[in-house]
Amino acid sequence: MEALIASYGETSSDSDTESPAPPPEKKTSQESTPVLPPPPLSLLDSPNSFGFLDYSASQASRVRNFPHVEGNYALHVYIPVYIPAAPRKEMALFMRRLSSVVPGLHAVDVDVPLEVLCKDEHRFEQVVLGREFHISLGRTVPIRVHQIDSLVAMLKQKLQTQRRYWIDFSKWEVFVNDDHTRTFVSVEVITAGLAEITKQIQAVNEVYKLHNLPEFYKDPRPHISVAWALGDTRESLKKVVEDERRKSTVAGSLQKCIFTSRFSGIECKIGNKTYKICKFSDE
């Protein structure tokens with residue numbers, strides 16, 4: 001999550017939670033910065049360690065969607081999603097085929113190249129698909145500290161009581177971010193769960209408008225993103241995704257629904273703090 005927020009502009013005011021970094025050591029003119037190899041796969045043993053695995057090559061390529069301003073915090077409202085164990089193998093196979101054709105794909109959040117992870121099938125499935133994903137209900141935007149309490153209170157008021165429902169992730173799709181700096185391989189919601197998520201997006205939009213924040217896309221397409229590539233490679237990547245889908249269909253391995261997940265709540269992350277927004281009517 002922290003890496004994805006970083007690509008859209010993470011909190012600009014972490015000084016109250018983190019100690020300042022020590023000043024860099026002076027280097028002599030003869031010294032040069034060593035080129036680091038990809039991180040060893042042994043570092044990926046625990047999902048809790050993913051946040052420390054920002055691969056140096058991809059880290060340097062991130063571009064903020066909004067400028068760094070002291071006192072700003074990144075706001076993200078989303079539905080947390082976990083992919084069940086059963087469909088992961090088929091999805092991992094699809095992603096491995098994709099990475100063999102498209103160089104430069106990275107796992108979302110951990111930002112490790114898929115070609116590095118492909119060396120270990122079990123680790124590939126664990127790192128790329130075995131963690132928390134997000135369906136965004138609003139744009140990731142900067143807010144000021146004085147807006148936090150009001151935003152959280154209004155989101156809870158609008159979305160306080162929700163009923164549980166099932167979400168079908170039915171289609172591999174390709175999206176690009178607003179400034180065309182990154183392209184994403186995603187799984188889209190087009191049937192079950194779409195109506196409920198659309199209503200929740202509308203509720204979040206109302207809260208954003210009251211705080212003079214930009215609303216979500218006019219025709220939202222709920223999805224989770226599982227991999228990314230640098231730049232706007234939408235057309236070429238979409239062609240490869242569609243080719244792989246056709247091959248899967250011919251092989252008889254492509255199902256109507258890629259996987260199904262039960263709606264588990266709505267969360268709001270502001271800076272480094274996460275707020276639980278809703279409760280369920282059956283609790």
Side-chain angles (χ1 to χ4, degrees), residues 1-12 50-51 53-69 72-81 95 98-99 101-114 127-129 131-143 169 171-190 194 197-198 200-201 204-205 208 212-242 266-271:
M1 173 68 183
E2 283 76 10
L4 187 58
I5 289 295
S7 70
Y8 290 102
E10 62 185 346
T11 174
S12 300
F50 291 173
L53 294 171
D54 290 342
Y55 186 54
S56 58
S58 60
Q59 178 83 359
S61 302
R62 290 180 185 164
V63 178
R64 289 179 180 268
N65 255 24
F66 43 83
H68 176 101
V69 176
N72 277 2
Y73 291 81
L75 164 69
H76 186 209
V77 184
Y78 58 88
I79 298 171
V81 173
M95 293 297 297
L98 203 60
S99 66
V101 180
V102 183
L105 281 177
H106 292 67
V108 164
D109 281 4
V110 293
D111 288 347
V112 176
L114 295 191
V127 174
V128 179
L129 301 171
R131 55 174 197 74
E132 182 181 283
F133 295 92
H134 303 135
I135 299 175
S136 293
L137 300 180
R139 293 180 185 271
T140 300
V141 294
I143 62 170
F169 293 84
K171 181 185 178 186
W172 287 101
E173 190 53 272
V174 176
F175 295 93
V176 65
N177 63 357
D178 290 341
D179 55 4
H180 302 274
T181 57
R182 290 213 281 179
T183 305
F184 296 87
V185 178
S186 308
V187 193
E188 187 177 3
V189 179
I190 59 175
L194 180 60
I197 296 171
T198 301
Q200 291 164 346
I201 289 173
V204 173
N205 270 341
Y208 271 43
N212 295 316
L213 298 175
E215 297 177 52
F216 208 45
Y217 304 99
K218 185 177 180 181
D219 298 309
R221 299 175 63 183
H223 62 276
I224 62 167
S225 293
V226 295
W228 66 270
L230 187 63
D232 186 349
T233 58
R234 178 174 25 184
E235 296 305 319
S236 57
L237 190 53
K238 192 166 186 174
K239 183 179 183 303
V240 174
V241 168
E242 289 174 351
I266 297 172
E267 296 181 0
C268 169
K269 185 163 188 180
I270 301 176

For the CD1 atom of Ile143 and the CG atom of Asn72, what is their distance to the nearest 0.5 Å?
8.5 Å
Please give me the minimum heavy-atom distance between Leu105 and Ala229, naming the atom from each residue.
CD2-CB, 3.9 Å
Value rounded to 0.5 Å, distance of OG in Ser186 from CD1 in Ile135
11.0 Å
Nearest heavy-atom approach of Val176 to His180 is CG2-CA, 3.8 Å
To the nearest 0.5 Å, how far apart are NE2 in His106 and CG in Asp111?
7.0 Å
At their closest point, which heavy atom of Ser136 faces which heavy atom of His76, and how far apart are they?
OG-NE2, 2.9 Å
So, do Val204 and Ile266 sit near enough that their side-chain heavy atoms are less than 4.5 Å apart?
no
Hey, are the side chains of Met95 and Val185 touching, using non-hydrogen atoms and a 4.5 Å cut-off?
yes
If you take all heavy atoms of Glu188 and Pro222, which pair is closest and at what distance?
CG-O, 3.4 Å
Could you state the interatomic distance from OG1 (Thr183) to CG (Asp232), rounded to the nearest 0.5 Å?
5.0 Å
Distance from Phe184 atom CZ to Ile224 atom CD1, nearest 0.5 Å?
13.0 Å
Measuring only between side-chain heavy atoms, which start at C-beta, is Trp172 closer than 4.5 Å to Val187?
yes
Which heavy atom in Pro220 sits nearest to a heavy atom in Ile201, and how many Å separate them?
CB-CD1, 3.7 Å
Is any side-chain heavy atom of Asn177 less than 4.5 Å from a side-chain heavy atom of Trp228?
no
Given the rule in the side chain to side chain contact (heavy atoms under 4.5 Å, CB included) test, do Lys238 and Val241 qualify, once you have shown the distances and angles that lead to the verdict?
CA-CA 5 Å; Lys238 192 166 186 174; Val241 168; 5.6 Å; no
What pair of heavy atoms forms the shortest contact from His134 to Pro80, and how long is it?
CD2-CA, 4.2 Å
With side chains defined as the heavy atoms from C-beta onward, is the minimum distance between Phe169 and Val81 less than 4.5 Å?
yes
Could you walk me through whether Val108 and Arg131 satisfy the side chain to side chain contact (heavy atoms under 4.5 Å, CB included) test, starting with their C-alpha distance in whole Å, then the side-chain angles of each, then the deciding distance to 0.1 Å, before giving a yes or no?
CA-CA 10 Å; Val108 164; Arg131 55 174 197 74; 3.5 Å; yes
In this structure, NE2 of His223 is separated from CD1 of Ile190 (nearest 0.5 Å) by 14.0 Å
